[in-house]
Amino acid sequence: MPELPEVETVRAGLERLLAGAVIRRVDLQRHDLRAPIPQELPARLAGQPITAIRRRAKYLLIETPGATLLCHLGMTGTWRVAPPGDERTHDHAYLHLADGRRLVFRDPRRFGLLDLLPADGRHPALAGLGPEPLGPAFSGDYLATVLRGRKAPLKALIMDQRLVVGVGNIYAQEALFRVRLRPTRPAGRVPRAALSDLVAAIRAILGEAIAAGGSTISDFHHAGGEAGWFQHSFQVYGRAGQPCSACSAPLRSDVIAGRSTVWCRRCQR
DNA sequence: ATCGGGACCTGCTTGC
DNA sequence: TGCAAGCAGGTCCCGA
């Protein structure tokens, strides 16, 4: 499901839902997600008031005075408020709030992560992450520096979370189409000016997608239950064989770095 | 160091 | 109708 816009949308939804909330009890249905959920997690969160919901890259951090819950949605992770009787397969964690509501983490494929953030804030999953794409550190100069000499396809590297975070398979394709760059271009040979354009396009598209509440592909929903709308703005993702919105040539699909990629052979160079 | 491929897991769609 | 294959928004690990 989630790239940066979706995670940011979930973050904002949780922030709204959980303002002033206190965790009364945590029930885990199973422990084996991408990494094991620590046994002590429920006890560490029980009785804690939620003070902030933050995001770093595609990770959510649910902060309390006593512990911070680190969460990654993987491909299919969702948070929802579920009243009694609303239990579903693949519900892995129930957060019972003091006001009687129940917040549920569900993740059918179990690529997601629930963990406790160490007291010093250092967590292996967060170590080595690149800059936020919407922050000041992500610039044409920066991209030119980190891509210098790299031969991997441009698309593969803008999806590399060590270089820049938050860009996944959808928004990489959309950004490359917007600046008319071929996703297979060896990253180190893209001109500096084109990299500046690419940075601007990534920022613009992520910003537009956040404003639209993310993209709902199969069953992504906000923590509040609403669908996103940015999927209606896709120019290439999921449109293989359909006409390019700019030149009407059929869009082609190739597997690049193991991920299917739709692009226009005529427009993107 | 870098790159490509596969593994992880379940559910849904497609094609025979 | 039924079944198998293929594919899915991410990350991690391995061998070359």
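Every heavy atom of this structure was used, including side-chain atoms; hydrogens, water molecules and symmetry mates were not. A, B, ... follow the sequence lines: proteins, then strands. Residue 1 opens every chain. Keep in mind that what you see is a predicted model, and the values were worked out from it rather than measured.
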*Examine distances only and state if a side-chain atom of T51(A) and a backbone atom of P49(A) form a donor-acceptor pair shorter than 3.5 Å.*
no

*If we take the P atom in both dT1(C) and dG11(B), what is their distance in whole Å?*
23 Å

*From the list dG11(B), dG9(C), dT11(C), which nucleotide is the closest neighbour of the side chain of I170(A)?*
dG9(C)

_Whole-Å distance separating the NE2 atom of H123(A) from the P atom of dT11(C)_ = 14 Å

*Answer yes when D254(A) and R182(A) have at least one side-chain N-carboxylate O distance shorter than 4.0 Å, and no when they do not.*
no

_Candidate list E15(A), E132(A), E63(A), test salt bridge (Lys or Arg N to Asp or Glu O under 4.0 Å), partner R55(A), passing option_ = E132(A)

_Phosphate OP1/OP2 of dT11(C): any K58(A) side-chain N/O under 4.0 Å_ = yes

*Using modelled atom types only, decide if a donor and an acceptor are shared between the side chain of R122(A) and the backbone of P118(A) within a distance under 3.5 Å.*
no

*asked:* Measuring to OP1 and OP2 of dC7(C), would you say a side-chain N or O of S260(A) lies under 4.0 angstrom away?
replied: no

*asked:* Only Watson-Crick and G-U wobble pairs, only distances under 3.5 Å, only runs of 3 or more: what stems does that leave for DNA chain B?
replied: B:2-8 with C:10-16, B:10-16 with C:2-8

*Could you give the CG-to-P distance, from D160(A) to dA1(B), as a whole number of Å?*
15 Å

*Does the side chain of T76(A) come under 3.5 Å of the side chain of D107(A) through a donor N or O and an acceptor N or O?*
yes

*Examine distances only and state if a side-chain atom of Q231(A) and a backbone atom of T216(A) form a donor-acceptor pair shorter than 3.5 Å.*
yes

*Can you tell me the distance, in whole Å, between the CD1 atom of I217(A) and the P atom of dG10(C)?*
11 Å

*Take atom CZ of R162(A) and atom P of dG10(C), then tell me their distance rounded to the nearest Å.*
15 Å

*Rounding to the closest angstrom, what is the interatomic distance between dC3(C) and dC9(B) at atom P?*
24 Å

*Say whether, by atom type as modelled, one donor and one acceptor occur between the side chain of R180(A) and the main chain of R269(A) under 3.5 angstrom.*
no

*Relative to each other, are the rings of F138(A) and Y142(A) parallel, tilted or perpendicular (30° and 60° limits)?*
perpendicular

_OP1 or OP2 of dT10(B) under 4.0 Å from side-chain N/O of H90(A)_ = no

*Check the hydrophobic clustering (I, L, V, M, F, W, Y; side-chain heavy atoms under 4.5 Å; chains of links allowed) and say if W79(A) and L117(A) are grouped together.*
no

*Within this structure, what is the CZ-to-P distance between F234(A) and dA8(C), rounded to whole angstrom?*
13 Å

*Measure from CG on L113(A) to P on dG9(C) and round the result to the nearest Å.*
20 Å

*Is the number of heavy atoms from other residues, nucleotides or ligands within 6.0 Å of CZ (R265(A)) greater than 12?*
no

*asked:* Under 4.0 Å, counting only non-hydrogen atoms across every strand here, what does R259(A) touch: a base, just sugar-phosphate, or nothing?
replied: base

*For the pair made of CZ in R34(A) and C1' in dT10(B), what is the distance, rounded to whole Å?*
17 Å

*So, the side chain of Q161(A) versus the backbone of A57(A): is there a donor-acceptor pair under 3.5 Å, distance only?*
no

*Interatomic distance, L73(A) CG vs dA8(C) C1' [rounded to whole Å]*: 15 Å

*Could you encode protein contacts along nucleotides 3-9 of chain B as a string, one character per nucleotide from 5' to 3', using B for base contact, S for sugar-phosphate-only contact and - for no contact, with a heavy-atom cut-off of under 4.0 Å?*
SS---BB

*Kindly state which residues belonging to residues 174-181 of chain A come within less than 4.0 angstrom of DNA chain B, counting heavy atoms of the residue only, listed by number.*
none

*Looking across every strand, which nucleic acid part, if any, lies under 4.0 Å from Y171(A) by heavy atom: base, sugar-phosphate, or nothing?*
nothing

*A172(A) backbone acceptor or donor facing E174(A) side chain under 3.5 Å*: no

